[in-house]
Amino acid sequence: MPELPEVETTRRGIEPYLTGETVVDLVVRQPKLRWPIPDDLLLKVKDQRIASVERRGKYLLLHFPAGAVMIHLGMSGSLYLVAAEQPAAYHDHVDLVLSSGRALRLTDPRRFGSVLWQDKGTSHALLAKLGPEPLSDSFNAIYLTQCCKARKQAIKQFIMDSHVVVGVGNIYANEVLFSAGIHPKRQAGKISVARLSILVEEIKKVLSRAIEQGGTTLKDFVGGDGKPGYFKQELQVYGRGDQPCTVCETTLKEIRLGQRSTVYCPECQR
DNA sequence: AAAGACACCTGGGAGC
DNA sequence: TGCTCCCAGGTGTCTT
């Protein structure tokens, strides 16, 4: 489920329970995720102290003195903290057991997630080519215009490309294009600077608002049902094909773009 | 170089 | 009930 706001919400939820803790064990029940979990990961983290928990794009980075554990939640992954002795359910693939007696548990039915290692001072191939963070100043109208130049790809697929900007998944791509009044199929290179500027602002606005809401509805990452407190974003278009536009009441259109469900208002988006 | 198809997985819901 | 088919919040890699 995770798009960037969910990943950031997860980061904020787990960070207080991880920072400063020492790893006492790593239990891997299913090593076959998107990429195999490295055989030597236990050796890397055992008895090591977690210095900080950061996020880069949709990757969570648990920083250790010698490097970082990189966790990606894929399509269906989630993380939560449990008592280390709590029995694992079917899709609970990995436990990072902490000196506190708790474990950071990864559950991921579809196994598109990943748990990898990046040595200190190196840049993992999966992180090296990522575009800027959407909420940073380096993601701006000038940058996006430069990227879009002469590109014929549909703008929706373009902003979902993590080499252009990280963190814009299918739901938010739909929502953000609606807010910006841009048709999802419009060629990236044929959009005016003024409209790209609006798009940049909408991306920042929608994502930061979603993160805020995630923060306010944040539940227990400890115990309970283990479900992170995913926010309830009121969606304008995603999942609303054939329903009326919230602005003009025109029937929203649903198409497929790059094998992904795409919903837009034919009246509001040009 | 850029764009599109395909790949990796499981589960849930629709339709028969 | 049970089967088949399609869909799902990601994204790297292969093919044109």
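Nothing here was measured: the structure is a model prediction, and the numbers come from that model. Side chains are part of it too, since the values below use all heavy atoms of this structure and drop only hydrogens, waters and symmetry mates.
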Stacked pair F112(A)-dT11(C), distance under 5.5 Å, angle under 30°: no
dC9(B) to dC14(C) separation - P atoms, rounded to the nearest Å: 16 Å
Rounded distance in Å - CG (L235(A)) to C1' (dA8(C)): 14 Å
For atom CG of L33(A) and atom C1' of dT11(C), their distance in whole Å: 15 Å
Under 4.0 angstrom between H91(A) side-chain N/O and dG11(B) OP1 or OP2: yes
D119(A)/K44(A) salt bridge by N-O under 4.0 Å criterion: yes
Sugar-phosphate only, base, or nothing, as touched by K32(A) at under 4.0 Å among non-hydrogen atoms: nothing
Protein N or O to nucleotides 2-4 of chain B N or O, pairs below 3.5 Å:
from   : atom 1 : to      : atom 2 : distance (Å)
dA3(B) : OP1    : K152(A) : N      : 2.6
dA3(B) : OP1    : Q153(A) : N      : 3.2
dA3(B) : OP2    : R151(A) : NE     : 2.9
dA3(B) : OP2    : R151(A) : NH2    : 2.9

E212(A) bridged to R209(A) by N-O distance under 4.0 Å: no
Distance, P atom - from dA3(B) to dG9(C), rounded to whole angstrom: 22 Å
Sugar-phosphate, base or nothing in reach of L126(A), heavy atoms under 4.0 Å: sugar-phosphate
Closest to the I171(A) side chain, choosing from dT11(C), dT10(B), dG9(C): dG9(C)
Among dC9(B), dG12(C), dG9(C), the one nearest Y59(A) by side-chain distance: dG12(C)
Spacing between D92(A) atom CG and dT10(B) atom C1', to the nearest angstrom: 15 Å
Presence of salt bridge, R56(A) and E133(A), under 4.0 angstrom: yes
Separation between NE2 of H183(A) and SG of C268(A), rounded to the nearest 0.5 Å: 12.0 Å
With C245(A), the side chain to side chain contact (heavy atoms under 4.5 Å, CB included) member among V237(A), T251(A), L252(A): L252(A)
R260(A) side-chain N/O to dG9(C) phosphate OP1/OP2 under 4.0 Å: yes
Whole-Å P distance, dT11(C) and dA1(B): 23 Å
No-hydrogen, no-angle side-chain donor-acceptor test under 3.5 Å, S261(A) and E254(A): yes
Distance below 4.0 Å between S162(A) side-chain N/O and dG12(C) OP1 or OP2: yes
Any H72(A) side-chain N or O less than 4.0 Å from OP1/OP2 of dG10(C): no
Sugar-phosphate, base or nothing in reach of R34(A), heavy atoms under 4.0 Å: base
Separation of atom CE in M75(A) from atom P in dC7(C), rounded to whole Å: 13 Å
Linked, directly or transitively: L199(A) and V166(A) (ILVMFWY side chains, under 4.5 Å): no
Involving DNA chain C, stems made of at least three consecutive Watson-Crick or G-U pairs, both distances under 3.5 Å: B:2-8 with C:10-16, B:10-16 with C:2-8
Distance, rounded to the nearest Å, where L130(A) contributes CG and dG12(C) contributes C1': 12 Å
N170(A) side-chain proximity, nearest of dG12(C), dC9(B), dG10(C): dG10(C)
Integer-rounded Å distance: dG9(C) P and I211(A) CD1: 20 Å
Between Y80(A) and D92(A): side-chain donor-acceptor atoms closer than 3.5 Å: yes
Test item: side-chain donor near acceptor, S179(A) and K205(A), under 3.5 Å: no
same_hphob_cluster(L33(A), Y59(A)) at 4.5 Å side-chain heavy-atom cutoff: no
Side-chain N,O (Y172(A)) to OP1/OP2 (dG9(C)) below 4.0 Å: no
Shortest side-chain distance from K58(A), nucleotide among dG10(C), dG12(C), dC9(B): dG10(C)
For atom CD of E3(A) and atom C1' of dT11(C), their distance in whole Å: 13 Å
Distance below 4.0 Å between S261(A) side-chain N/O and dA8(C) OP1 or OP2: yes
Spacing of L257(A) atom CG relative to dG10(C) atom P, expressed in whole Å: 14 Å
Shortest side-chain distance from R111(A), nucleotide among dT10(B), dG12(C), dG9(C): dT10(B)
Side-chain heavy-atom pair L116(A), I37(A) within 4.5 angstrom cut-off: no
